[in-house]
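Chain identifiers are assigned alphabetically (A, B, ...) following the order of the sequence lines, protein sequences preceding nucleic acid strands; residue numbering begins at 1 within each chain.
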Amino acid sequence: MSLVARHIEANGIPTVIMGCAKDIVEHCGVPRFLFSDFPLGNSAGRPFDVESQAQTLELALRVLESAPAARTTVQSPQRWSADASWKRDFNDLSKLTPEEILERRKEFDVVKSVARAKREGT
Amino acid sequence: MTTTALGTNAVFTEEYDVAIPYMQRTRDYYVALGYDNPYRWASFAQVPFTPLSTPLNRARVGLITTAAPYQPGVGDQGPGAPYNAAAKFYQVYSVTTDSVPDLRISHVGYDRRHTSAADINTYLPLTRLREAVTAGRIGSLARRLHGSPTNRSHRTTEHDAAELLHRCREDEVDAVVLVPS
């Protein structure tokens with residue numbers, strides 16, 4: 001998605017990305033980025049919380065209007081929860097046994113082959 | 001136990017309470033699973049910038065998503081569904097913004113442990129954008145929104161980016177909001 005934003009921007013249309021993966025978006029380098037420090041899947045705000053979603057969009061629109069230069073990141077002040085321990089869980093290896101690692105590898109190989117079959121059938 | 005900065009009420013956060021280092025975690029994870037060819041994320045020294053030249057209350061705004069149109073018959077795509085590669089899409093698509101389309105995110109690696117994708121408004125701000133039009137905050141919404149495939153190949157992504165630019169120009173938008181899921 002960062003590559004798409006760059007291409008559109010380079011061709012004269014201003015863009016803003018709303019996202020949750022700060023390191024990946026900033027590593028690529030994009031014009032404007034509203035970062036929500038939420039679990040992946042919640043780039044546009046908290047579930048079933050219209051106020052959270054409206055505030056998130058409003059902040060993205062303000063970034064669109066007022067970013068002074070490329071690579072402008074603004075972080076939403078919203079917190080997912082008072083307790084930040086959810087951040088430790090993403091792809092956390094420390095809790096996996098060798099058997100679970102083998103099982104995950106098997107699952108991933110299946111996912112890859114399904115994606116390949118789908119891609120080649122498209 | 002919480003501690004506060006000297007002379008203020010500002011509470012120090014836990015050491016792990018930072019933006020998740022997704023690239024490092026993902027690399028470590030796949031190395032641990034036995035894959036020795038870690039994915040490399042694109043990176044550029046130069047970043048384009050185009051100032052917004054039309055005030056937002058007169059601007060037409062476009063929306064691009066990575067969510068996938070619901071496809072009957074290819075498995076569970078509902079809230080909290082396991083990762084579903086069969087629900088992926090490989091062509092740019094466009095759908096009307098007159099109504100909320102049935103778009104899902106079971107084909108991407110969102111955080112299934114801490115969220116469930118039960119509310120489309122967390123990854124597709126279409127309803128909130130329409131409210132912003134009604135409120136006069138933005139001039140109008142493009143008549144259609146566009147779907148960007150989540151391919152991990154730079155070559156196909158370049159092709160898709162060119163197609164998305166083409167469609168944004170057809171829509172005559174003044175700015176674009178992009179929401180990866």
Write out, in numerical order, the residues from residues 72-82 of chain A with a heavy atom short of 4.5 Å from a heavy atom in chain B. A:Arg79, A:Trp80
When only pairs under 4.5 Å are counted, which of [options] shares the most heavy-atom pairs with chain B?
{"options": "A:Asp89, A:Thr56, A:Leu3", "result": "A:Asp89"}
{"options": "A:Gly41, A:Ser2, A:Ala5", "result": "A:Gly41"}
{"options": "A:Ser113, A:Ser85, A:Ala60, A:Ser66", "result": "A:Ser85"}
{"options": "A:Ser52, A:Gly19, A:Gly12", "result": "A:Gly12"}
{"options": "A:Cys28, A:Cys20, A:Ala10, A:Pro39", "result": "A:Cys28"}

Here the gap from A:Glu107 atom CD to B:Leu33 atom CG, rounded to the nearest 0.5 Å, amounts to 9.5 Å
[X] versus chain B, the contacting section by heavy-atom distance below 4.5 Å:
{"X": "A:Val50", "value": "both"}
{"X": "A:Ala67", "value": "both"}
{"X": "A:Ile13", "value": "both"}
{"X": "A:Leu96", "value": "side chain"}

Quick one, A:Asp23 with B:Gln24, criterion side chain to side chain donor-acceptor pair (under 3.5 Å). Give me CA distance, side-chain angles, the key distance, then yes/no. CA-CA 9 Å; A:Asp23 62 331; B:Gln24 192 59 51; over 6 Å; no
Give a yes or no on whether the ring-centroid distance for B:Tyr83 and A:Phe108 is below 6.0 angstrom. no
Close contacts, residues 97-110 of chain B versus chain A, judged by heavy atoms under 4.5 Å: B:Ile105, B:Gly109, B:Tyr110
Minimum heavy-atom distance A:Arg32-B:Pro51, with the two atoms named: NH2-CA, 4.1 Å
Using a strict 4.0 Å threshold on nitrogen-to-oxygen distance, state whether A:Lys87 and B:Glu14 make a salt bridge. no
Ion pair check, A:Arg6 and B:Glu158, cut-off under 4.0 Å: no
Report which part of B:Asp174 has an atom under 4.5 Å of a heavy atom belonging to chain A: side chain, backbone, both, or neither. backbone
Keeping B:Arg25 on the side-chain end and A:Phe90 on the backbone end, is there a donor-acceptor pair under 3.5 Å? yes
